[in-house]
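Note that the structure is predicted; figures quoted are calculated from it, not measured. Each chain gets a letter, A, B and so on, in the order its sequence line appears, and its residues count up from 1.
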There are 2 protein chains.
Amino acid sequence: MPGTRLDPIDRKILAELQADGRMTNVELAKRVGISAPPCLRRVRTLEEQGFIRGYHAEIDSRELGFEVQVFAMVGLQSQAESDLSAFEERCRSWPLVRECHMLNGEVDFILKCVAPDLSSFQSFLTGELLTTPNVASVKTSLVIRGAKDEPGVPFEVLEERLSKSA
Amino acid sequence: MPGTRLDPIDRKILAELQADGRMTNVELAKRVGISAPPCLRRVRTLEEQGFIRGYHAEIDSRELGFEVQVFAMVGLQSQAESDLSAFEERCRSWPLVRECHMLNGEVDFILKCVAPDLSSFQSFLTGELLTTPNVASVKTSLVIRGAKDEPGVPFEVLEERLSKSA
DNA sequence: CCCACAGGCGAAATATTATTGCGCGCACCT
DNA sequence: AGGTGCGCGCAATAATATTTCGCCTGTGGG
């Protein structure tokens with residue numbers, strides 16, 4: 001239902017839950033300015049309508065022993081739809097691959113990968129990715145350091161945009 | 001405190017909360033096989049020690065009106081540390097830029113951006129990113145479609161790894 | 001071998017929170 | 001006006017979170 005529009009309270013709810021997904025409902029209600037029951041009803045509705053896809057704890061991957069993060073640019077030999085989706089399906093089956101996006105331009109896919117160390121990434125690269133049928137080229141870039149990593153969407157931009165169109 | 005090792009219950013807690021960050025503590029306790037009070041204590045400890053950095057609702061950006069997602073590869077003129085961190089600071093101030101990673105290789109940074117539509121990304125690109133001092137080159141790739149987007153870390157890999165070293 | 005002690009657990013009690021049921025007010029027709 | 005649908009908040013109830021406390025276990029003296 002794309003006709004469903006969100007009012008300012010809904011957007012505030014989304015913004016608050018994006019920032020702190022474990023906030024209690026009473027706290028959330030206080031922040032958005034309504035009482036707890038309607039607030040909870042709104043949250044449930046937002047979940048059902050798919051605006052909220054889930055809740056996740058953000059884990060420090062380095063603390064957990066995943067020392068390296070790598071972007072891999074992948075080019076395929078064939079861009080036929082069946083070959084594209086076959087490659088995507090492969091990516092979904094690899095735990096080290098956390099993200100896979102199809103791109104325009106020279107490169108067909110970009111993959112974001114994590115691994116405990118360089119050698120385990122190397123073995124994934126040579127043993128899995130490079131041996132996958134239809135993979136023509138892979139260029140990898142190691143992440144030296146992370147400068148920003150914000151989950152989700154910029155609600156600031158959304159609000160700004162809505163105030164203009166009003 | 002890198003000496004702090006996690007036992008299997010802690011790892012299970014992290015895995016469960018990564019998968020569902022809003023799970024109640026009693027449900028979590030049931031799943032990891034201990035009672036609620038020690039479970040809650042463990043969660044608090046994991047939060048304090050930084051293994052858990054926060055909790056976030058996962059929002060459907062497309063439903064919210066962010067139609068385009070773009071990766072931007074940025075090259076700088078100077079790679080002096082002060083120039084690198086100046087650029088990183090810029091990235092942190094741009095809401096459209098959700099992630100910024102410094103890379104090895106030819107490209108200095110990769111940026112993941114979202115925008116409501118192509119034209120608003122274009123205006124960000126030409127009006128902000130390209131006019132930033134020290135930016136030498138920017139190559140952008142539009143995301144055609146997303147094939148995988150898993151938050152967090154692959155606990156499967158971690159467990160496998162631990163069972164081997166045991 | 002026995003004891004003191006630290007750490008982690010679970011049962012029970014208490015404080016908070018989530019959830020349900022209901023009546024009210026408001027906007028929108030007709 | 002009168003009717004209707006929607007969303008709110010109050011109040012009651014169910015569930016959960018959090019604190020308190022005593023028990024068990026493993027460890028390191030003495």
Novice: Given side-chain hydrogen bond (donor to acceptor under 3.5 Å, both in side chains), test B/Y55 with A/Q18 step by step and report yes or no.
Specialist: CA-CA 8 Å; B/Y55 301 89; A/Q18 175 173 279; over 6 Å; no

Novice: Just how far, in rounded Å, is P of D/dT16 from CG of B/N25?
Specialist: 10 Å

Novice: If only atom types and distance count, is the side chain of B/K148 paired as donor or acceptor with the main-chain N or O of A/W94 below 3.5 Å?
Specialist: yes

Novice: By the 4.0 Å heavy-atom rule, please label B/R22 as base, sugar-phosphate, or nothing.
Specialist: nothing

Novice: When the distance from CD1 of A/I9 to C1' of D/dG9 is rounded to whole Å, what number comes out?
Specialist: 13 Å

Novice: Provide, to the nearest angstrom, the distance between the CG atom belonging to B/D7 and the P atom belonging to C/dC9.
Specialist: 8 Å

Novice: Can you tell me if the side-chain N/O atoms of B/R44 get under 4.0 Å from OP1 or OP2 in D/dA17?
Specialist: no

Novice: The test is side-chain hydrogen bond (donor to acceptor under 3.5 Å, both in side chains); show your working for A/E58 and A/H56 and say whether it passes.
Specialist: CA-CA 6 Å; A/E58 183 190 353; A/H56 307 283; over 6 Å; no

Novice: Take the protein atom CD1 of A/I13 and the nucleotide atom P of D/dC8, then report the distance between them rounded to whole Å.
Specialist: 9 Å

Novice: C/dT19, D/dC8, C/dG10: which one has an atom nearest the side-chain heavy atoms of A/R42?
Specialist: D/dC8

Novice: Among D/dG9, D/dG7, C/dG10, which nucleotide has an atom closest to any side-chain atom of A/R41?
Specialist: D/dG9

Novice: Please state whether the rings of B/F71 and A/F71 are parallel, tilted or perpendicular, taking 30° and 60° as the class boundaries.
Specialist: perpendicular

Novice: So what does A/S35 touch, heavy atoms closer than 4.0 Å: a base, only the sugar-phosphate, or nothing?
Specialist: base

Novice: How close or far is atom C1' of C/dT17 from atom CD of B/E27, stated in whole angstroms?
Specialist: 17 Å

